[in-house]
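Naming convention: chains lettered A, B, ... in sequence-line order (proteins, then strands); numbering from 1 in each chain.
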Amino acid sequence: MPDSHDESLEDNAAPLGEPAGNIGQVDPAWAGVLDELAARSQVSESSAAEDPETETPEAESAAEAPAHPPLEPVSAWLLKVALALIVVLLATTLTLVIFLVTLHKAPRTEIERAVSSAEMSVREHPSVAENWAQLAYAYARAHRYDDALNVVRKGRAQTHQDYLYLAEADILRSAGRFKDSIAVYGSAEAAISQADTQAISARKTMGIYVPLDDTTLARVYVGRAISERQLGEAKSAIADLEKAVAIAPDQSTILVRLGDYYAESGDTSKAAGMYRSALLYLPDYAPAKAGLERIGRGQ
Amino acid sequence: MAEKPSRMNRTRAVLTAVIVILALLLVGLAVVFFKLLTPSGLPTVSSSPTTMQWVRSMYGFGPAADEQLLSPSSVAIAPSGNIYATDPVRARIMVFRPDGIFLRLLHTGGGGMGKGQFIRPESIAIDRNGDVYIADSWAKKIIVFDRNDKYLREWPVDQQARGVYVADGKVYVLDVGHVIVFDAQGARLSAFGTRGRKPGQIDAYQGIAARAGHIYIADSYNQRLEAFDESGTLLWAVPDKTTASSLIDTNTSGDGSGSRALPGHRWDLPQDLAFDGRGRLLVIDAFMFRIAVVDPETGKVSATYGEYGAEDGQFYYPTSIAYDARRDWVAVADTQNNRVQIVRIPDTAALPVSALWRAAASPYRYLAIPALVLLLAIAFAMWAARQIRSAENPDEGSEQGEEQERNPEDA
């Protein structure tokens with residue numbers, strides 16, 4: 001130890017094992033111990049100067065008590081962000097509640113009105129199959145395809161009207177499920193054909209021989225043809241449309257669609273025939289004129 | 001010592017996880033809010049600045065049939081921006097806010113022809129004070145309510161109150177084949193016109209408008225527009241024809257420039273008129289399902305907007321039109337579609353701040369509330385952090401000052 005420490009020890013500490021009268025004379029055996037004690041006291045003094053909390057007895061007792069350690073800066077910031085988010089969440093929830101309370105149930109678009117009107121109709125007249133079909137189509141227009149399918153199946157169960165198969169098939173087609181729609185169109189075709197056959201025989205029994213005018217079957221064929229075309233089954237699509245035209249030969253929309261499918265398959269003369277037939281019934285029908293232009297048969 | 005860093009990391013991880021969860025909740029809530037605000041089945045709106053833009057449709061105040069409009073015949077816009085639409089069959093008027101939210105019904109307890117009642121509100125007009133003037137075609141009178149729906153006064157007309165318009169303190173009433181001008185209290189000031197087909201004669205439904213001493217008539221059954229001065233002198237009639245049998249105006253005499261600015265335009269059943277922000281006439285044609293923009297000086301049509309249909313943004317026998325100058329949009333009574341539509345057509349604005357007013361009327365304005373709270377929360381957090389930092393280091397500022405005093409040369 002340096003001499004300065006010996007001097008400080010002589011000034012400050014009574015030599016151990018010696019009478020007080022022998023101040024200034026330190027037993028060499030105790031010099032090292034005294035040096036160590038002096039060094040430790042210097043360390044504790046300097047740490048007390050840096051950290052006042054451990055200096056005072058109150059601070060020491062506070063340090064000993066199980067207090068939460070202060071957050072380091074990053075955590076403090078994260079806590080503030082979390083609190084801010086909670087406040088915003090509460091404000092948003094409150095705004096949403098106020099908005100919901102003031103929101104009335106009136107429709108805001110034509111589709112919402114179609115849905116709400118159809119829902120009311122089904123609620124008031126659940127035995128009418130057409131109401132279920134209209135509700136299903138309304139849901140489909142609102143892109144609520146699952147709801148539409150649920151409604152049409154429920155309606156079929158409730159009204160036992162098989163023609164609701166057609167609505168189901170149309171909705172599946174609108175939802176892009178073409179393969180499923182073709183299968184359901186098949187069910188619709190069978191159900192409607194059977195119903196038509198029964199209606200015709202009932203009319204014959206009553207002596208009515210005027211042909212049954214039912215274009216529902218034509219709608220089945222048209223719907224199925226559209227799905228088939230989407231799946232690349234051009235021949236089947238054309239065959240179905242030809243059946244539709246046989247049932248409803250004066251429907252320009254069906255004639256034009258068949259003309260389009262003929263044109264796509266390369267049969268432009270048949271396509272032209274369909275377009276011209278459509279113009280016979282609707283002379284200004286723009287899609288028919290456009291079709292003729294496309295295949296180069298326009299005037 | 002090694003425990004301290006791991007405790008810090010744990011704290012940070014927990015707080016970060018909490019923040020992520022809260023943020024996800026907030027995003028989820030915002031998505032729900034947005035979906036509620038956005039109606040299903042929105043029409044495809046063209047982004048071209050030259051076409052008509054659909055803003056919103058108002059059908060009523062509920063899903064039931066009697067909670068919705070039925071063949072609304074007239075629409076008017078109050079100075080506050082509230083939209084009044086007649087429901088004539090049910091003897092009531094529906095009032096909507098500019099954002100489309102239903103406000104209230106204006107009715108007289110089921111309708112009647114006695115004093116203070118109305119039975120068939122065919123046409124309405126609103127003055128600058130917000131007073132509502134109703135032309136009751138069955139009771140043959142004009143009845144006035146204030147902006148709070150309190151009855152004010154009424155007075156009779158000659159044969160049938162078909163159309164009403166209020167401007168410059170005067171009330172212009174379209175009766176059968178003639179126009180009557182009253183003051184705001186109902187005192188008769190003047191009248192002119194006779195029923196017929198000749199230019200200067202009138203056979204109109206309800207379309208009347210007035211500005212700066214000129215009176216404009218949508219002469220529906222004569223398939224033309226007419227303009228008069230207040231003494232009844234005809235200023236112009238477009239098309240200028242002596243009979244109503246010709247549908248297309250081919251008259252190119254007169255000022256030499258022809259009476260048509262839009263070649264091939266014909267009037268089919270012009271029903272109502274309104275002025276836009278630039279002083280042009282907006283005329284609704286029920287059978288053409290369109291809004292036409294007309295020069296009030298010449299009667300020439302410069303543009304048409306709209307098309308037939310039942311979808312939002314289309315019209316089906318529209319019969320009335322009104323213009324909101326503050327928000328720069330047009331309200332149309334889309335009669336056969338049983339609704340009122342708000343649409344915008346190009347170049348109608350006079351006020352440059354209309355976009356702000358429209359934003360304030362948007363349903364999406366509710367989303368501004370949580371956004372504002374978020375900004376306030378961030379600002380508060382920053383302020384609090386600053387406060388905490390200065391509390392933790394009170395000597396930081398004084399130490400820096402002392403350092404500078406000790407070493408001024410270094411500075």
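- Both the sub-6.0 Å distance and the 45° axial angle are satisfied by A:Arg156 relative to the ring of A:Tyr165.
- At a threshold of 4.5 Å between non-hydrogen side-chain atoms, the residues B:Met94 and B:Tyr84 do not count as touching.
- If you measure heavy-atom distances from B:Arg12 to chain A, the contacts under 4.5 Å come from both the backbone and the side chain.
- Heavy-atom distances place both the backbone and the side chain of B:Ala64 under 4.5 Å from chain A.
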**Item:** Intermediate values then yes/no, ring-ring contact (aromatic ring centres under 6.0 Å, His included), B:Phe315 and B:Tyr308
**Value:** CA-CA 5 Å; B:Phe315 302 124; B:Tyr308 161 76; over 10 Å; no

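- Between chain B and the options A:Thr109, A:Leu94, A:Leu83, A:Val88, the largest number of non-hydrogen pairs under 4.5 Å is found for A:Thr109.
- Interface check for chain B: of the options A:Ser116, A:Ala142, A:Ala114, the most heavy-atom pairs under 4.5 Å are formed by A:Ser116.
- The closest side-chain heavy-atom distance from A:His125 to A:Val128 is below 4.5 Å.
- By number of non-hydrogen pairs under 4.5 angstrom with chain A, the leading residue of B:Met58, B:Glu67, B:Gln68, B:Arg339 is B:Gln68.
- Remark: B:Asp87 engages B:Arg90 in a salt bridge, criterion side-chain N to carboxylate O under 4.0 Å.
- B:Gln341 is not listed as a side-chain neighbour of B:Gln314, based on a closest heavy-atom distance of 4.5 Å or more.
- Residue contact with chain A, scored on non-hydrogen atoms closer than 4.5 Å, involves the backbone and the side chain of B:Leu37 alike.
- Most heavy-atom pairs under 4.5 Å with chain B, from the set A:Val81, A:Leu85, A:Leu89: that is A:Leu89.
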